[in-house]
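Bear in mind the structure is a predicted one, so any value in this text is a computation, not a measurement.
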Amino acid sequence: MNGRAVPVTARPGTYATIERRWRKGDVVELTTPMTPVWRKAPDNPYIQAVTHGPVVLAGGYGDTELNTFPAIDPRSLRRDGDPLRYTVRADGAEVKLSPFSEIHHQRYNVYWLTPAPRGRRRLVAHYPLDGTAEEATGRRPDVALAQGATWADDGSAAVLDGTGGHVVLPRGLITGLAELTVALWVHADAITNNARVFDLGFNRRTFFYVNSRTGSGRARFSMKTYGMDGEDYVDASGALPAGRWVHVAVTVNRDAAVLYLDGAETGRKDGPVMSPLALGATSQNFLGRSQDTRHPFLRGRVRDFRVYDHALTAAAVAALHSETQGA
């Protein structure tokens, strides 16, 4: 007030009031200090944008093409001289941030992949599918048998009829995992192109799946998030074998995505483009069904579905195959 600070008490949603005897020529100045704020995407708390007050900040990339969300370290955010100018480390390199409205004639990025919290490595979910829908660790909701899926007479597996029967897994099963392993046993009675062993995702453009056979005659692991140019995939040496039990496992971390059949590596992609962390709130998680309704259902049986919050080593995958073979 007239160049001097005036104590004011105000709560969010109320007015800030100044009571005084007013005089002609009094000057009121209001200052609202602003600092950078990381704002989470509504469907994925690990995808975030940074704002300074009402101003959205964007990273300038010149002619560099971006295939997915850059991985950023929010702690590296630094003021870069002029107001609304910052630098930050993303994918190991320094990126300059400036107001989105000032980014012209170059590639840019607004949403960033932020780190997931680290904890003790563990088995995130285990569904034996041995005649019960319960999750063995007690940390996850039950599965549901849908559209004609049943339990085997001996309770050893979930039976899928190939015409609609599938297993519905809980929402958010792999949400918040920067690396992971997904494994299960599957007995396919027959192999049809594009029949999914499992499909975890948000829609048919955001997925993490294993296909029993593609048009090229090979089983495939693939993952993608909406807006990503292309997809990360790994092809096996051949189609998923039919008429017998097969152990399927996929491990993914920042170094590689690896597909295993019966405990042995059958294909890999080094340096995948995206992180599973970008998948967000996976709300459509199925065994024996694709998120894409144009694809056929799997006919056969599934059991012992597991998710780990880390990429198992080749030796650990081989051991898991051996330990669960007769379960």
Query raised in the report: Do the rings of His321 and His247 sit parallel, tilted or perpendicular, given the 30° and 60° boundaries?
Result: tilted
Query raised in the report: Does a side-chain heavy-atom distance below 4.5 Å link Val317 with Leu320?
Result: no
Query - Check against side chain to side chain contact (heavy atoms under 4.5 Å, CB included), Leu180 and Val250 - result: CA-CA 8 Å; Leu180 75 164; Val250 174; over 6 Å; no
**Report entry** Over 12 non-hydrogen atoms of neighbours within 6.0 angstrom of CZ in Arg11
**Finding:** no
Report task. Any chance you could measure Ile191, atom CD1, to Arg299, atom CZ, to the nearest 0.5 Å? Result -> 10.0 Å
Report task. Evaluate the ring planes of Phe305 and Tyr127, with Trp represented by its six-membered ring, and classify them as parallel (under 30°), tilted (30 to 60°) or perpendicular (over 60°). Result -> tilted
Report task. Indicate, with yes or no, if Ile47 and Leu279 share a hydrophobic cluster defined by side-chain heavy-atom contacts under 4.5 Å among Ile, Leu, Val, Met, Phe, Trp and Tyr. Result -> no
Query raised in the report: Between Asp80 and Arg78, does at least one N-O distance fall below 4.0 Å, as a salt bridge requires?
Result: no
Query raised in the report: Does the distance from a Lys or Arg side-chain N to an Asp or Glu carboxylate O, for Glu179 and Arg254, drop under 4.0 Å?
Result: no
Query raised in the report: Step by step, would you call Thr163 with Asp161 a side-chain hydrogen bond (donor to acceptor under 3.5 Å, both in side chains)?
Result: CA-CA 6 Å; Thr163 60; Asp161 59 11; 3.2 Å; yes
Query raised in the report: Is Arg107 close enough and on-axis enough to Tyr61, meaning under 6.0 Å and within 45°, for cation-pi?
Result: no
Query raised in the report: In terms of ring plane angle, is the pair Phe286 and His166 parallel, tilted or perpendicular, where the classes change at 30° and 60°?
Result: perpendicular
**Report entry** Residue from Phe208, Tyr209, Phe207, Tyr233 passing ring-ring contact (aromatic ring centres under 6.0 Å, His included) with Phe221
**Finding:** Phe208
Query raised in the report: So does Phe297 have more than 12 non-hydrogen atoms from other groups sitting under 6.0 Å from CZ?
Result: yes
Report summary line: When every non-hydrogen atom of Asn211 is compared with those of Thr214, the smallest separation belongs to ND2-CG2, 3.7 Å
Query raised in the report: Side-chain heavy atoms under 4.5 angstrom apart, residues restricted to Ile, Leu, Val, Met, Phe, Trp, Tyr: same cluster for Val186 and Val143?
Result: yes
Report task. Flag yes if more than 12 heavy atoms outside Asn2 fall under 6.0 Å of its CG atom; otherwise flag no. Result -> yes
Query raised in the report: Pick one: which of Leu169, Ile174, Asp43 meets side-chain contact (heavy atoms from CB on, under 4.5 Å) with Thr282?
Result: Ile174
Report task. Could you verify whether a donor N or O on one side chain and an acceptor N or O on the other, from Asp304 and His126, lie under 3.5 Å apart? Result -> yes
**Report entry** Transitive ILVMFWY side-chain link Val197 to Leu200, under 4.5 Å
**Finding:** yes
